[in-house]
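Just passing along the structure, written as structure tokens.
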Amino acid sequence: MDRIRIVGGNRLTGTIPISGAKNAALPLMIASLLTRETLTLDNVPRLADVAMLKRILGNHGVDCMVLGKRAGQNGMHGESIELRAGDIVDTLAPYDLVSRMRASFWVIGPLLARMGEAKVSLPGGCAIGTRPVDFFIDALKALGADIDIEAGYVLAKAPKGLRGARIVFPKVTVGATHVALMAASLAKGESVIENAACEPEIADLAACLNKMGARIAGAGTSTIRIEGVDRLGAARHSVMPDRIEAGTYAFAAAMTGGDVLLDAATAATMETPIEVLRRIGAEVTPTNAGIRVTRNGGAIAPVDVTTEPFPGFATDLQAQLMALVSRADGDSHIRETIFENRFMHVQELARLGADIHLDGQVATVRGVAKLKGAEVMATDLRASVSLVIAGLAAEGETVVNRVYHLDRGFERIEDKLGGLGAEIERLTG
Ligand code: EPU
């Protein structure tokens, strides 16, 4: 199993390319199930989760072709892929595939809308909390589906097709908003989604669906209106830049000090983390090319931050923030409100010398003068990358085990950080 070895202490300087967003690429790929015509996606990140989803979609009959390199492209640019679901050969998504990646449960929406039926395994346990599927089921029921749960599978049927409906989510949910959007696009009549997730990835999916012929208005706000259409067709769409990857490298630069340009990052999707970085003492300047982050000398100021749905501070950046403020000049408080068990990194950060006290959903981080390298591992990808950030600033050598978690969500992290001057390498085997 691969590991990442870091020798901390180097300042990060230079330009780092930001990849296409994992959490946009996955629903966009799933949207290919809605049409028999070709969906072409550009700027698709090279990630283990993307490869896994290609396999899962292949099982339903989606042909996936990676387009050849184009002049001027190097290995740091995303892939262009063509997805073609000419015929859906199977509406079953089995346990052994769905259990590996929760987002694959989302195929339930397009399969049901296009084929009138779907049998999709419940996603099962997850390292960051229980993550049930009740909001998905209620949304699909509202759209007219009959749903049964049998032997760990959700059986959804709508032999006469789905019909438009008013869907009110009791809590903001990214996944169920994606699924409701896709399903309602092919339903008869108008749907309204209230308390919809406002994450930019939702707006990215809606933009692509509209290019395919859907009629969606309001995506990116909490009320989305969808006028159902009979069929969707071919389209080409570029995956939005990854705001979580960009935020992660911004925190890394603030941690080590230095001067980094996050190439292609978009400030409009990152207002809250940018504001937090400024409070911490980093200078953040949006430019035409991306976002520039600098911190020269000066202490890291402590902060109090609560994770919230967009535009609030993303739960997917919580672990990275905790690594950063572990060296702050004072006490920080970080409250996690999205997932009940997303503190797996706390024990591992402690191995590097961080002083963190957990009380329910609130972590009190008492800044320490220095961290010291150690061997660590984590059980989800954001937790893993927080250990990389801490390792970059720790004295001596840090080895992060179970690198496959990082590969799920960070494209070639060792090359990207190495390009900024970090001493980092992948140890294979
Ligand atoms: N929830 C329910 N019932 C449901 C669905 C969700 O109770 O039917 C709860 C969840 O347990 C959670 C909350 O609602 O407490 C919000 O969950 P949400 O549905 O928004 O999360 P998700 O769609 O499963 C996506 C991202 C996550 C990210 C969250 C929150 C993707 C592929 N995943 O998950 O990303 O943390 O939204 O922003 O887009 C990651 O990339 O590391 C990651 C975990």
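Count residues from 1 along the sequence. All heavy atoms count here, side chains included; hydrogens, waters and symmetry mates do not. In each ligand, atom 1 is the first atom listed, and ligand 1 is the first ligand listed.
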Ligand 1 contacted by D138 (non-hydrogen, < 4.0 Å):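 Under 4.0 Å: no for D138.
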Heavy-atom nearest option to atom 17 (O) of ligand 1, drawn from F339, F169, F105: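 Considering heavy atoms of F339, F169, F105, the nearest to atom 17 (O) of ligand 1 sits in F339.
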Judged by modelled atom types alone, do E201 and H178 share a side-chain donor-acceptor pair under 3.5 Å?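 On atom types as modelled, these side chains do not qualify, holding no pair under 3.5 Å.
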Mark the output for G409 as yes if a heavy-atom distance to ligand 1 is under 4.0 Å, and as no if none is.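 Contact absent.
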Heavy atoms only, cut-off 4.0 Å: how does E308 contact ligand 1, side chain, backbone, both, or neither?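 For E308, no heavy atom sits under 4.0 Å from ligand 1.
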Do any heavy atoms of E201 fall under 4.0 Å from ligand 1?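 Not so, E201 does not reach ligand 1.
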Might you confirm whether atom CZ of R426 has over 12 heavy atoms from other residues, nucleotides or ligands at distances under 6.0 Å?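 Count over threshold, so yes.
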Kindly indicate whether the side chain of F410, heavy atoms from C-beta on, has any atom under 4.5 Å from the side chain of H405.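 When only atoms from C-beta onward are counted, H405 and F410 do not touch, as no gap falls below 4.5 Å.
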Below 3.5 Å, N or O to N or O, backbone or side chain included: is there any such pair between A103 and ligand 1?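 Looking only at distances, the answer is no, because the N/O contact criterion of under 3.5 Å is not met.
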R342 bridged to D316 by N-O distance under 4.0 Å: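 Salt bridge between R342 and D316, a charged N being under 4.0 Å from a carboxylate O: yes.
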For the pair R166 and E194, find out whether any cationic side-chain nitrogen is under 4.0 Å from an anionic carboxylate oxygen.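 Counted as a salt bridge, because a side-chain N and a carboxylate O are separated by less than 4.0 Å.
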Which atoms from ligand 1 have a heavy atom of R102 less than 4.0 Å away?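 Reading through ligand 1 atom by atom, the close ones are 24 (O).
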Compare L53, N23, L317 and give the one whose heavy atom is closest to atom 33 (N) of ligand 1.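 Looking at heavy atoms only, the winner is N23.
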Specify side chain, backbone, both or neither for H178, according to which of its non-hydrogen atoms lie closer than 4.0 Å to ligand 1.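 Near ligand 1, H178 shows nothing, with every heavy atom at 4.0 Å or more.
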With heavy atoms under 4.0 Å as the rule, classify the contact between K171 and ligand 1 as side chain, backbone, both or neither.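 It is the side chain that gets close, since no backbone atom is under 4.0 Å.
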Can you tell me if W106 has a non-hydrogen atom under 4.0 Å from ligand 1?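 Right, W106 reaches ligand 1.
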Which residues share a side chain to side chain donor-acceptor pair (under 3.5 Å) with R3, sequence neighbours left out: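 Residues passing side chain to side chain donor-acceptor pair (under 3.5 Å) with R3: none at all.
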Taking all heavy atoms of C208 and all of L39, pick out the closest pair and write down the distance.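 Looking at all heavy atoms of both residues, the shortest contact is SG-CD1, 3.7 Å.
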Salt bridge present between R408 and D49 (N-O < 4.0 angstrom):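 Counted as a salt bridge, because a side-chain N and a carboxylate O are separated by less than 4.0 Å.
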Taking only heavy atoms of G175, which atoms of ligand 1 are found under 4.0 Å from at least one of them?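 Taking each heavy atom of G175 in turn, ligand 1 has 19 (O), 23 (O) under 4.0 Å.
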Which ligand 1 atoms, with their elements, are less than 4.0 angstrom from a heavy-atom of K22?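 Those qualifying, in numeric order: 40 (C), 41 (O).
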Check each heavy atom of V172 against ligand 1 and say whether those closer than 4.0 Å belong to the side chain, the backbone, both or neither.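 It is the backbone that touches ligand 1; the side chain stays farther off.
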Ligand-residue contact atoms, ligand 1 with R342, heavy atoms, under 4.0 Å: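 Those qualifying, in numeric order: 36 (O), 40 (C), 42 (O), 43 (C), 44 (C).
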Charged N-O contact under 4.0 Å between R5 and E414: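 Judged by the 4.0 Å cut-off on N to carboxylate O distance, R5 and E414 do not form a salt bridge.
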For ligand 1, note which part of V174 has a heavy atom under 4.0 Å away: side chain, backbone, both or neither.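 Under 4.0 Å from ligand 1, V174 contributes backbone and side-chain atoms.
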Say you draw a straight line from CE of M255 to CG of L321; how long is it, rounded to the nearest 0.5 Å?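 Between atom CE of M255 and atom CG of L321 there are 10.5 Å.
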Number the atoms of ligand 1 from 1 as they appear, then name those within less than 4.0 Å of a heavy atom of F136, with their elements.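 Answer for ligand 1: 5 (C), 8 (O).
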What I want to know is whether P132 and ligand 1 share at least one N or O pair that is separated by under 3.5 angstrom.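 It does: an N or O of P132 is found under 3.5 Å from an N or O of ligand 1.
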Does ligand 1 have any atom that is closer than 4.0 Å to a heavy atom of H405?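 Under 4.0 Å: no for H405.
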Check this for me: R278, atom CZ, are more than 12 non-hydrogen atoms of other residues, nucleotides or ligands nearer than 6.0 Å?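 Counting neighbours around CZ of R278, more than 12 heavy atoms of other residues, nucleotides or ligands fall under 6.0 Å, so yes.
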Under-4.0 Å salt bridge between K22 and E245: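 Looking at E245 together with K22, the answer is no, because their closest N to O distance does not fall below 4.0 Å.
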Which atoms of ligand 1 have any heavy atom of L381 under 4.0 Å away?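 Those atoms are 42 (O).
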Does A176, backbone or side chain, put an N or O under 3.5 Å from an N or O of ligand 1?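 N/O-N/O distance below 3.5 Å does not exist for this pair.
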Ligand 1 versus T315, non-hydrogen atoms closer than 4.0 Å: side chain, backbone, both, neither?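 The side chain, only.
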Heavy atoms, side chains only, cut-off 4.5 Å: are P273 and L317 in contact?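 Side-chain contact under 4.5 Å: yes.
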Below 3.5 angstrom, do we get any N/O pair linking E199 and ligand 1?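 In fact, backbone or side chain, E199 has no N or O that close.
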Look only at the side chain of R114 and the backbone of L33, and say whether a donor-acceptor pair between them is shorter than 3.5 Å.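 Yes, because the side chain of R114 sits within donor-acceptor range (under 3.5 Å) of the backbone of L33.
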